[in-house]
Amino acid sequence: MDDDSGTLPPRQDFSGWFNDILWRAEIMDVRYPVKGLYVWYPYGFAIRKFVYNRLRELLDRDHQETLFPLLIPEQEFMKEAEHIKGFEDEVYWVTHGGTTPLDVKLALRPTSETAIYPMYALWLRSHADLPMKYYQIVNTFRYETKQTRPLIRLREITSFMESHTVHATWDEAEAQCEYELGLTKEFYDGLCIPVTISKRPDWDKFPGADYTIAVDAIMPNGKTLQIGTVHHLGTHFSKTFGIQYEDKDGKAQLANQTCYGISERSIAALISMHGDDKGLILPPAVAPVQAVIVPITIGKRHEDVLAAATKLEADLKAAGFRVKMDTRDMRPGAKYYWWELRGVPLRLELGPRDIDAGKVMAVKRTGEKTSLERATIIDGITTVFAEITEAIRARAEEHTKSHLCAVDSTDALNTALNEGKVAVVHWCRERGCGDAIEEKANSSILGTEVRSPYVDASDGKCIICGKPGRATLVGRTY
RNA sequence: GGGGCAGUAGGGUAGCCUGGUCCAUCCUAGAGCGUUUGGGACGCUUUGACGGCGGUUCGAAUCCGCCCUGCCCCA
């Protein structure tokens, strides 16, 4: 029927849209023949590269990058009781070297605490060594039993940034958690992704943490996606792994630790949050191609136009923009759709009319068409990029704002969630009431101590028992 | 954790119940030639498939078993 809109499903069918855009825009190929493992296409990997470059820049302000091994010996992995309980059903084990059974089984890291902390115990001697702030970006393996999804629920997480810090005191570690939340917010702000931050309930915290603060994004269908977590580990791990330092008085002290993580779910959020019926919309900051030049070559001015476009491309590249000139033998319209699908934020059209007028036609992926002066094109594009970024951000903020609402009963909660919203309720923080909230509305408690400009975090009566309660985010999660 | 649907060429589908043939079919798919080119051009030629393993059978995309993978729904 509407065969001119391509076959990308509309955004209302978010699940269909997401599955389809991954291969149409050449981000991930799901056809790798092992469950939960997917292949990055070059274009998807280029997006990943620019996103992770930003992440590295942020972390390198304060952390140092490092790299630990993939394999963890069983006895180290089994040291911390809570941690084991949290991960034992999800661990892949290496049991053989060739045909020889191994004396000591080796775990493929599901996360790297038990790989890193024995080394931290060796590295840490004195209070003068503190704080230690290292991170790595690695793949991790989890034998997920729930349905796997590309970028969202994987058996091999390919892009796991995990930071592990060590501090003298609990308070310093807490301050580090706050700092890391700030980094996370800044990171997502750069991707124009609004987030809600909240403290996970105790039963949902990281295995072996004092507390977990999570960062969630609200997807187009109203489901929430956890896209970052910060954990205060207290001294749980320093006890088991013997991470101690001598204080100024020469006395041995247990260290306090934090860890936090961000994965390719950040890419899932990026492509989900900003897309439309035509495809991806990438913020200029992370778009592998920030602007595409489409020369409109007709008749005998073919050479003229091509020369002008080549010059334009060279000028823009020299100015540091990531541009691509599309000289393929296709009709201009077909090229427009092709680049729109891939989310390129700006299209520059250059034809005989524009050359004569000293202009370049600039079409924003967010929908607006403007004519830029060729003479001042660098400034013009810089301005346009800022406008595009703002438009993308504003749209995402509006989405997030409109998908949050306060409710004061389980019926209202159910209604809100069924409408695809994330709700704010009051909850007394008792497990029983928490379970009741989750069961009655088929939902998950995301957390308390909510931080979001769109959430009123003041106290109120628990919607189950009526006792004093705290503002709490409740949603349906990925 | 439970249930369901599905896997046929790059993508989308038919065929399966009721096993057999000569050509599967459509496309924004691949290769090629020509005409085209300011919002998805067209003509012609051509390439290419039954998820895997095993079983039944003279003969399997089709029936049976096991496995793998994907997707949807519910908890």
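The shown structure was predicted, so the numbers you read here are calculated from the model rather than taken from an experiment. Heavy-atom basis, side chains included; hydrogens, waters and symmetry copies ignored. Naming: A, B, ... by sequence-line order, numbering from 1 per chain.
When the P atom is compared between B:U8 and B:A14, the two are found 11 Å apart, to the nearest whole Å. For the C1' atoms, the distance linking B:C22 with B:G7 amounts to 28 Å, nearest Å.
Taking only side-chain atoms of A:N19, from C-beta outward, the nucleotide of B:U36, B:C72, B:G70 with the closest atom is B:C72. Which of B:U36, B:G39, B:G10 sits closest to the side chain of A:R31 comes down to B:G10. Of the candidates B:G70, B:U37, B:G1, the closest approach to any side-chain atom of A:P332 belongs to B:U37.
Note on ring orientation: taking the six-membered ring where Trp is involved, the planes of A:H232 and A:Y211 are tilted (angle from 30° to 60°). Note: A:F14 and A:W17 have parallel aromatic rings, judged against thresholds of 30 and 60 degrees for the angle between ring planes.
As a whole-Å value, the separation of A:L8 CG from B:G11 C1' is 13 Å. A:E26 places its CD atom 12 Å from the C1' atom of B:A29, with the value rounded to the nearest Å.
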| request: State the dot-bracket string of RNA chain B. Criteria: Watson-Crick or G-U wobble, both atom distances under 3.5 angstrom; notation: ( ) intrastrand, [ ] crossing earlier pairs, | interstrand, . unpaired. | output: (((((((..((((......[...))))..((((((.....))))))....(((((..]....)))))))))))).
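Enclosure of atom CG in A:D356 by more than 12 non-hydrogen atoms of other residues, nucleotides or ligands within 6.0 angstrom is indicated. In the displayed structure, A:K440 atom NZ is contacted under 6.0 Å by at most 12 heavy atoms of other residues, nucleotides or ligands.
One donor-acceptor pair, N or O on each side, does fall under 3.5 Å between the base of B:G39 and the side chain of A:R347. For A:E340 and B:G39, a side-chain-to-base donor-acceptor distance below 3.5 Å is present, hydrogens and geometry of angles not being considered.
A salt bridge between A:R470 and A:D459 is present, with a side-chain N of the basic residue lying under 4.0 Å from a carboxylate O of the acidic one.
Note on A:N442: every side-chain N or O is 4.0 Å or more away from OP1 and OP2 of B:C74. Between A:Y32 and B:G70 there is no side-chain N or O to OP1 or OP2 distance below 4.0 Å.
Residue A:P150 is in sugar-phosphate contact alone, with no base atom involved, counting any heavy-atom pair closer than 4.0 Å across all strands shown. Counting any heavy atom pair closer than 4.0 Å across all strands shown, A:F18 reaches no nucleic acid atom.
Residue A:Y336 and nucleotide B:G39 are not classified as a stacked aromatic pair, given the requirement of ring centres less than 5.5 Å apart at an interplanar angle below 30°.
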